[in-house]
Amino acid sequence: MIERGELLRAYALDDRTSPRVRMNFVASADGAGTLGGRSGTLGGATDRALMEVLRAMTDAIVVGAGTVRTEGYGGVRPPADEVAWRRAGGLTDAPRLVVVSRSLRLTPGDPVFAEAASRPIVVTSGVADARLRAQIGEVADVLVCGEDAVDLAAMTAALAEEGMPQLLCEGGPHLFGSLLDAGLVDEVCLTLSPRVVGGRAGRITAGAAEADRRMELRSVLHDDEGFVFLRYARAR
């Protein structure tokens with residue numbers, strides 16, 4: 001397993017003021033984004049440690065509502081050492097959790113709300129039902145960005161305005177694809193799992209228009225289980 005200090009150095013942010021959208025995904029050696037319908041089953045110990053490091057560095061964790069349901073998201077509660085590390089860097093104790101949902105197919109009793117250490121943010125569109133908006137507003141801050149669909153550029157701008165310029169997106173593939181199409185992806189942190197899955201699993205992006213989006217490789221790490229950890233950044 002890779003030591004936490006090495007992960008911190010490999011994924012360090014050289015600038016916390018400029019808005020940044022960083023993606024964190026795992027894929028199998030043959031390109032599958034899930035195993036048994038979930039991405040978490042592809043990971044390992046170092047992958048989980050890296051997720052905690054990336055979360056410690058960010059102002060907010062952005063995730064699609066479908067991924068919240070599929071992966072069983074609960075509240076974000078960093079361990080004591082992560083809280084101390086964030087405090088030393090002038091950050092809040094925990095990153096805010098931001099759930100993106102066009103239709104608000106969420107319930108106030110979901111673990112993502114019930115187990116939250118701090119009040120989550122739900123980003124939705126103008127087409128969301130007003131009654132659902134009011135229900136979710138009891139357990140989260142509701143942010144309306146866009147009319148027919150969620151305007152992701154408006155979302156990132158609004159979060160930056162509220163003191164959250166550093167965003168970590170953990171899925172799902174459709175949200176990744178939409179962020180790509182909007183030109184908002186600055187970094188891709190990709191874990192390659194030493195598994196060949198086959199089947200019909202999708203890729204880590206879905207729905208994005210085909211284009212040659214050039215990225216630069218910033219760092220490569222690997223652990224003794226055969227996982228490879230790649231950090232890509234938008235080409236200058």
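- Looking only at side-chain heavy atoms (C-beta outward), Arg22 and Thr58 stay at 4.5 Å or farther from each other.
- Evaluation of the side chain to side chain donor-acceptor pair (under 3.5 Å) rule for Ser178 yields no partner, not counting sequence neighbours.
- Using modelled atom types, no side-chain atom of Thr124 and backbone atom of Ala128 make a donor-acceptor pair closer than 3.5 Å.
- Under the 4.5 Å side-chain heavy-atom criterion for grouping Ile, Leu, Val, Met, Phe, Trp and Tyr, Leu54 is not connected to Leu190 through any hydrophobic cluster.
- Without hydrogens or angle criteria, Thr67 side chain to Gly172 main chain gives a donor-acceptor distance under 3.5 Å.
- Using a distance-only test at 3.5 Å, with no hydrogens or angles considered, a donor-acceptor pair links the side chain of Glu71 to the main chain of Ser39.
- Ion pairing between a basic and an acidic side chain is recognised when a charged N comes within 4.0 Å of a carboxylate O; Glu187 and Arg231 show such pairing.
- Using a distance-only test at 3.5 Å, with no hydrogens or angles considered, a donor-acceptor pair links the side chain of Asp223 to the main chain of Gly226.
- Residues Leu184 and Ile204 fall within the same hydrophobic cluster, defined by Ile, Leu, Val, Met, Phe, Trp and Tyr side chains chained together at heavy-atom separations under 4.5 Å.
- By the 4.5 Å heavy-atom criterion applied to side chains, Pro194 and Phe227 are counted as neighbours.
- Ionic pairing of Arg55 and Glu170 is present here: one or more N-O contacts between side-chain nitrogen and carboxylate oxygen are shorter than 4.0 angstrom.
- Under the 4.0 Å criterion applied to side-chain N and carboxylate O atoms, Arg4 and Glu82 are assigned as salt-bridge partners.
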Inset, instruction - Applying side chain to side chain contact (heavy atoms under 4.5 Å, CB included), run through Leu221 and Val228 and close with a yes or a no. - result: CA-CA 6 Å; Leu221 299 174; Val228 180; over 6 Å; no

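- Hydrophobic clustering (ILVMFWY, side-chain heavy atoms < 4.5 Å, transitive): Met57 and Leu159 are in distinct clusters.
- Side chain of Arg69 to backbone of Arg105: a donor-acceptor contact under 3.5 angstrom is found.
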Legend entry - side chain to side chain contact (heavy atoms under 4.5 Å, CB included) assessment of Met155 paired with Val62: CA-CA 10 Å; Met155 176 192 77; Val62 181; 4.2 Å; yes

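- Within a 6.0 Å sphere centred on CG of Asp15, other residues, nucleotides and ligands contribute more than 12 heavy atoms.
- At least one side-chain heavy atom of Val76 sits less than 4.5 Å from a side-chain heavy atom of Pro95.
- A heavy-atom distance below 4.5 Å is not found between the side chains of Leu230 and Cys189.
- Salt bridge present: Asp141 and Arg96 bring a charged side-chain N and a carboxylate O closer than 4.0 Å.
- For Asp30 (side chain) and Val197 (main-chain N/O), a donor-acceptor pair under 3.5 Å exists by modelled atom type.
- Of the options Arg20, Arg218, Arg234, a salt bridge (Lys or Arg N to Asp or Glu O under 4.0 Å) to Asp186 is made by Arg234 and by none of the others.
- Evaluation of the ring pair (Phe, Tyr, Trp, His ring centres under 6.0 Å) test over residues 4-41, restricted to residues two or more places apart or in two chains, returns Phe25-Phe176.
- When atom types are taken as modelled, the side chain of Asp93 and the backbone of Val83 share no donor-acceptor pair closer than 3.5 angstrom.
- Applying the side-chain contact (heavy atoms from CB on, under 4.5 Å) test between Phe113 and each of Val68, Val122, Thr107 identifies Val122 as the sole match.
- A distance-only check finds no donor-acceptor pair linking the side chain of Glu225 to the backbone of Ser193 [under 3.5 Å].
- In summary, the side chains of Thr92 and Arg86 do present a donor paired with an acceptor at a separation below 3.5 Å, with no hydrogens or angles considered.
- In terms of modelled atom types and a separation under 3.5 Å, the side chain of Arg195 and the main chain of Leu42 share a donor-acceptor contact.
- Arg214 places no side-chain N or O within 3.5 Å of a backbone atom of Ala235 that could act as its donor or acceptor partner.
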